**Q** 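Got a structure for you, written out below as structure tokens; questions coming shortly.
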Amino acid sequence: EVQVVESGGGSVQTGGSLRLSCTFSGVTLLDGFAMGWYRQPPGYGCELVSTITPTGATLYSDPVKGRFTISQANTKNTAYLQMNNLDPDDTAVYYCAAPLELRRVWVSPTLSSCNHWGQGTQVTVSS
């Protein structure tokens, strides 16, 4: 059973920064798979934000490119999402997700709900 533990959410003002952390267990990421982050803004669906493979290859959704950076620890089962220059549109519950099949998730980066990925961590950006 895959388990993920997220931390690092909180409240900031526009332009602020937050760093999310995630550690997962119960799965080994094979070629073509990654870990990453989804988010679900209030009243909206679940959207893929970023992914990182064990080799360090990263991808980002257009709304966060240039502002968010995903990285991983040497253990490869811990990932971080550094979020800079935050905007109220970034307000959402953020969910760590693993394993993600890269070929599939970026073809269909939105889901009706993020509930599959657990409780998530709240990020609130005020203007």
Side-chain angles (χ1 to χ4, degrees):
E1 179 184 358
V2 180
Q3 293 187 327
V4 295
V5 177
E6 304 134 329
S7 63
S11 297
V12 296
Q13 292 188 323
T14 298
S17 298
L18 285 172
R19 189 192 197 209
L20 306 182
S21 299
C22 168
T23 298
F24 72 90
S25 60
V27 65
T28 299
L29 298 181
L30 303 177
D31 286 348
F33 286 82
M35 67 181 301
W37 295 88
Y38 281 86
R39 68 183 181 182
Q40 186 156 15
Y44 289 87
C46 180
E47 59 187 36
L48 185 59
V49 174
S50 182
T51 57
I52 185 167
T53 69
T55 60
T58 58
L59 289 169
Y60 300 91
S61 65
D62 285 344
V64 308
K65 277 180 184 176
R67 300 186 299 120
F68 290 13
T69 302
I70 191 170
S71 60
Q72 64 187 344
N74 289 336
T75 56
K76 310 299 184 186
N77 70 330
T78 296
Y80 309 98
L81 187 67
Q82 178 66 41
M83 304 184 295
N84 296 330
N85 194 21
L86 284 162
D87 181 89
D89 288 341
D90 297 314
T91 295
V93 180
Y94 284 71
Y95 299 82
C96 180
L100 298 174
E101 186 178 3
L102 281 177
R103 179 178 58 184
R104 181 180 58 82
V105 295
W106 283 108
V107 169
S108 299
T110 59
L111 304 169
S112 58
S113 171
C114 284
N115 288 344
H116 175 73
W117 304 113
Q119 293 185 332
T121 185
Q122 177 70 46
V123 171
T124 302
V125 185
S126 58
S127 58

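From a predicted model like this one, the values you see are computed outputs, not experimental measurements.
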**Q** For Q122, is the CD atom crowded, meaning more than 12 foreign heavy atoms sit under 6.0 Å from it?
**A** yes
**Q** Quick one: pull up CD in E6 and OG1 in T121 and give me the separation to the nearest 0.5 Å.
**A** 6.5 Å
**Q** Tell me if a side-chain donor or acceptor on Q40 pairs with a main-chain N or O of V93 at a distance below 3.5 Å.
**A**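 Between the backbone of V93 and the side chain of Q40 there is no qualifying donor-acceptor contact (under 3.5 Å).
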**Q** Is it the case that more than 12 heavy atoms not belonging to E101 sit under 6.0 Å from its CD atom?
**A** yes
**Q** Is there a path of hydrophobic side-chain contacts, each under 4.5 Å between heavy atoms of I, L, V, M, F, W or Y residues, that connects I52 with V105?
**A**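 The answer is no; the residues belong to distinct hydrophobic clusters.
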**Q** Can you name the closest pair of heavy atoms from C46 and S113 and give their distance?
**A** CB-C, 3.5 Å
**Q** Is the shortest side-chain N to carboxylate O distance from R67 to D90 below 4.0 Å?
**A**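 So R67 pairs with D90 through a salt bridge.
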**Q** Could you walk me through whether T124 and T91 pass the side-chain hydrogen bond (donor to acceptor under 3.5 Å, both in side chains) check?
**A** CA-CA 5 Å; T124 302; T91 295; 5.3 Å; no
**Q** Run the numbers on L29 and M35 for side chain to side chain contact (heavy atoms under 4.5 Å, CB included), then give the verdict.
**A** CA-CA 8 Å; L29 298 181; M35 67 181 301; 4.2 Å; yes
**Q** Without hydrogens or angle criteria, can the side chains of S127 and T14 be said to hold a donor-acceptor pair below 3.5 Å?
**A**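 Side-chain D/A pair, S127 to T14: absent.
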**Q** Report yes or no: do L111 and V64 belong to one cluster of Ile/Leu/Val/Met/Phe/Trp/Tyr joined by side chain heavy-atom distances under 4.5 Å?
**A** no
**Q** Which pair of heavy atoms, one from V2 and one from G26, lies closest together, and at what distance?
**A** CG2-O, 4.2 Å
**Q** Does some side-chain heavy atom of I70 sit less than 4.5 Å from a side-chain heavy atom of T51?
**A** no
**Q** Could you measure the distance from the CD atom of Q82 to the CZ atom of F68? Nearest 0.5 Å is fine.
**A** 9.5 Å
**Q** Does R39 qualify as a cation-pi partner of Y95, given the criterion of NZ or CZ under 6.0 Å from the six-membered ring centre and within 45 degrees of its axis?
**A**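 R39 over Y95 ring: no.
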**Q** Nearest 0.5 Å, what's the CE-CG distance between M83 and L20?
**A**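 The CG atom of L20 is 3.5 Å from CE of M83, to the nearest 0.5 Å.
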**Q** With rounding to the nearest 0.5 angstrom, report the CG to OG distance, L100 to S50.
**A** 10.5 Å
**Q** Between atom CG of L81 and atom OG of S21, what is the distance when rounded to the nearest 0.5 Å?
**A**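 Taking CG in L81 and OG in S21, the distance rounds to 9.5 Å.
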**Q** To the nearest 0.5 Å, what is the distance between OG1 (T53) and CG (L102)?
**A** 7.0 Å
**Q** Quick one, D62 and K65 - any side-chain contact, counting heavy atoms below 4.5 Å?
**A** yes
**Q** Locate the shortest heavy-atom distance separating W37 from A79; write the atom from each residue and the value.
**A** CZ2-O, 4.2 Å
**Q** Are W106 and L48 close enough that some pair of their side-chain heavy atoms sits under 4.5 Å apart?
**A** yes
**Q** Carefully, step by step, assess L18 and L86 under the rule side chain to side chain contact (heavy atoms under 4.5 Å, CB included).
**A** CA-CA 8 Å; L18 285 172; L86 284 162; 4.2 Å; yes
**Q** Are V123 and Y38 in one and the same hydrophobic cluster, where Ile, Leu, Val, Met, Phe, Trp and Tyr link if side-chain heavy atoms are under 4.5 Å apart?
**A**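 No; Y38 is not reachable from V123 via cluster members.
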**Q** Any side-chain to backbone donor/acceptor pair from Q72 onto Y80? Under 3.5 Å, distance only.
**A** no
**Q** Measure across C96 and W117 and return the closest heavy-atom pair with its distance rounded to 0.1 Å.
**A**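 Heavy-atom minimum between the residues: O-CB, 3.7 Å.
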